[in-house]
There are 2 protein chains.
Amino acid sequence: MSEHRSLPLLGGPPPERSDAARNREALLRAATDLVDHCGVEAVTMDAVAARAGVGKGTVYRRFESREGLMAALLNHSETAWQASVLSGPPPLGPGAPPMERLLAFGRSRIETNLKHGDLITAAGHSGARAYAAMSFAAMHVRYLLTQLGVHGDVPILATSLLAPLEIVILQQQTHIEQIPVDRIERAWDDLVRRVVSADAHPGAAGRR
Amino acid sequence: MSEHRSLPLLGGPPPERSDAARNREALLRAATDLVDHCGVEAVTMDAVAARAGVGKGTVYRRFESREGLMAALLNHSETAWQASVLSGPPPLGPGAPPMERLLAFGRSRIETNLKHGDLITAAGHSGARAYAAMSFAAMHVRYLLTQLGVHGDVPILATSLLAPLEIVILQQQTHIEQIPVDRIERAWDDLVRRVVSADAHPGAAGRR
DNA sequence: AGGCTAAACGGACCGCAGTCCGCTTTCTAT
DNA sequence: ATAGAAAGCGGACTGCGGTCCGTTTAGCCT
C-alpha cells in the first residue's frame with residue numbers, strides 16, 4: 001500500500017487543479033467587467049459563464065451561488081479596507097486615541113458601504129462572507145469600546161452601533177429620505193458619544 | 001353629454017369590482033393557509049393562484065409582486081400592533097411615562113419582528129408597506145425621545161435606535177450567534193438609557 | 001509513456017417570478 | 001332589457017437561479 005497524497009497533515013483544503021484556477025480567474029474577470037460595464041443587475045450567471053467561455057455549472061462549482069459570486073467580488077475591497085483599519089494611517093488605523101479611531105471607523109464604513117451598496121445587497125447574507133465581514137467590524141468596535149472604558153454588554157452594544165451602518169438602513173436614508181451623507185455621519189458621531197459618555201456618569205438612569 | 005361616474009370629487013381610487021374583491025379575499029385566504037400549513041417558502045405565486053382557483057395574472061393584478069403579497073399578509077398583524085401602540089394598555093400604549101413606553105416598545109417590537117421573521121424577510125423592501133411600517137415606528141420613537149428631553153438630530157437618532165431591532169440584525173443574533181432574546185432586550189434597554197441619559201449630563205464628551 | 005482516479009466541466013433541465021395579450025365579466029347609461 | 005366600455009381575467013411565455021449527470025481532463029503512480 002502507498003498512502004500519502006501530499007502530506008494530509010495540516011494540509012487544510014486540497015489545492016486547486018490548474019484548470020480550475022484558470023477558470024476562477026476568468027470568471028472573476030468576466031464578472032468584474034460586467035459590473036463595471038453594465039451594472040450589478042447585468043451579472044447573470046449565464047452571462048458570466050458565457051463571457052468567461054465556460055459552462056454554467058463551472059460558475060456554481062467555484063462560487064456556490066450568485067450571492068457567493070458577488071461576495072467574492074466584494075472580497076477585494078473588503079480586505080483592503082480591513083487592512084487599512086488594522087495597519088493603515090491614523091485615525092482609522094492604530095495610533096490615534098480610541099474615540100477618534102471609532103469615529104473615523106464609522107465615517108469610513110458609511111462611505112465604503114454606500115460605495116458598494118448594490119454589490120453588498122446582491123451578495124445578501126451569503127453565509128461565510130457576510131459573517132466574516134460583520135464579525136471583523138464587530139470585533140474592532142468591541143475592542144475600541146473596551147478601550148474607552150465602556151461597561152455593560154459590550155458585544156451587543158457593538159452590534160447596536162453597527163446596525164445603523166448597515167446598507168439597508170443607509171440606503172433608506174440616502175435614497176428614500178434624501179438625507180445627506182454628512183448628516184448621517186454627524187448623527188453617528190453623536191450616537192457614539194452618547195453611548196460612551198454614559199460610563200463617565202454612572203448611576204445616570206438606573207444601574208447597569 | 002353625461003359625464004358623472006360616481007362623483008369623482010374626493011372619490012380617491014375608484015372602488016373595486018365585485019369579482020375583484022372576491023378574488024382578493026380568496027387569494028389572501030389561500031396565501032394564509034399556505035403559510036400556516038407549509039411555511040412561507042411554499043407560497044409560490046402559482047400555488048396561491050391555483051389554490052384560490054384563479055389565474056396567475058390575477059395574483060399580480062391585486063398584489064404587485066410576491067413581496068407585495070407578503071406585505072399584504074403582514075398588514076393584519078402590523079395594523080393590530082400599531083393600534084396597541086397608539087391606544088392599547090400601558091406601558092406600550094399611552095398612560096405610562098415616556099421611558100417605560102419606550103422600553104416596552106423595544107421589547108414588543110423585538111418579539112413581533114422575530115415572530116413574523118420569515119414573512120418580513122419575504123416581504124423585503126416592498127415599497128409602500130416597508131416604508132409605512134418604518135415610518136410609523138420612527139415617528140413614535142421620535143415622539144418619545146422628544147418627550148424625554150433628548151436634543152440633537154432626533155430623526156436620525158430614532159432610526160439608529162430602530163436599526164438594531166431590524167429583522168436582519170435580530171436573526172443574525174438569535175439564529176447564528178445563539179444569543180437569547182431576553183439578553184437582546186436588556187441590551188436595548190441599556191442602549192436607550194445611555195442615549196437618553198446623555199442629555200441629563202450636557203457637555204459630556206464634546207458639544208452637540 | 002500509459003493508465004487510473006478524482007476532480008472539473010458543460011449544458012440540458014427544472015421551478016419560480018414576472019409579463020403580455022386576447023377573451024370574459026361587471027357596471028352603467030339609455 | 002341591452003349595449004358599450006372599462007376593468008378584470010387567465011394562462012402561455014420569457015428569463016434567471018440553481019441542479020444533475022454523462023463526459024472530459026489534470027495530476028499522479030507505475
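A note on names: the letters A, B, ... follow the listed sequences, proteins ahead of strands, and every chain is numbered from 1.
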Inset, instruction - For residues A:Met99 and A:Val192, determine if any side-chain heavy atom of one lies less than 4.5 Å from a side-chain heavy atom of the other. - result: yes
Legend entry - Side chain to side chain, A:Arg101 and A:Tyr143, heavy atoms closer than 4.5 Å: yes
Legend entry - Separation of C:dC16 C1' from B:Leu34 CG (nearest whole Å): 14 Å
Inset, instruction - Name the closest nucleotide to the B:Thr44 side chain, picking from D:dC9, C:dA17, D:dG17. - result: C:dA17
Legend entry - Nearest-neighbour nucleotide for the B:Lys56 side chain, C:dT19, D:dC9, D:dG18 considered: C:dT19
Legend entry - Protein-nucleotide distance (A:Glu16, atom CD; C:dA7, atom C1'), rounded to Å: 11 Å
Inset, instruction - Quickly work out the B:Phe63 CZ to D:dG8 P distance and round it to whole Å. - result: 13 Å
Inset, instruction - Round to the nearest Å and state the distance from B:Met70 atom CE to C:dG18 atom P. - result: 10 Å
Inset, instruction - Would you indicate, yes or no, if D:dC9 has its OP1 or OP2 atom less than 4.0 angstrom from a side-chain nitrogen or oxygen of B:Asn23? - result: yes
Inset, instruction - Using the closest heavy atom to pick a nucleotide of DNA chain C for each, name whichever of B:Gly57 or B:Arg22 lands nearer the 5' end. - result: B:Gly57
Legend entry - Nearest-Å distance for atom pair CG/P, residues B:Asp19 and C:dC27: 7 Å
Legend entry - Side chains of A:Thr32 and A:Asp36 in contact at under 4.5 Å (non-hydrogen atoms): yes
Legend entry - Proximity to the side chain of A:Arg61 - top-ranked nucleotide from D:dG10, C:dA17, C:dA8: C:dA8
Legend entry - Nearest listed nucleotide, side chain of B:Thr58, among C:dA8, D:dG17, D:dG10: D:dG10
Inset, instruction - Please state how far atom OH in A:Tyr60 lies from atom P in D:dT19, giving the value in whole angstrom units. - result: 7 Å
Inset, instruction - Answer yes or no: does a side-chain N or O of B:Ser18 lie under 4.0 Å from OP1 or OP2 of C:dT26? - result: no
Inset, instruction - Could you tell me whether B:Arg17 contacts a base, only the sugar-phosphate backbone, or nothing, with contacts defined as non-hydrogen atoms closer than 4.0 Å? - result: base
Inset, instruction - Scan side-chain atoms only and decide if A:Trp188 and B:Ser160 contain a donor-acceptor pair under the 3.5 Å cut-off. - result: no
Inset, instruction - Indicate, with a heavy-atom threshold strictly under 4.0 Å, whether B:Arg62 touches base, sugar-phosphate, or nothing. - result: sugar-phosphate
Legend entry - Integer-rounded Å distance: D:dC9 C1' and B:Asp46 CG: 16 Å
Inset, instruction - Flag the pair B:Val43 / B:Arg66 as yes when at least one side-chain heavy-atom distance between them is below 4.5 Å, and no otherwise. - result: yes
Legend entry - Whole-Å distance separating the CE atom of B:Met45 from the P atom of D:dC9: 14 Å
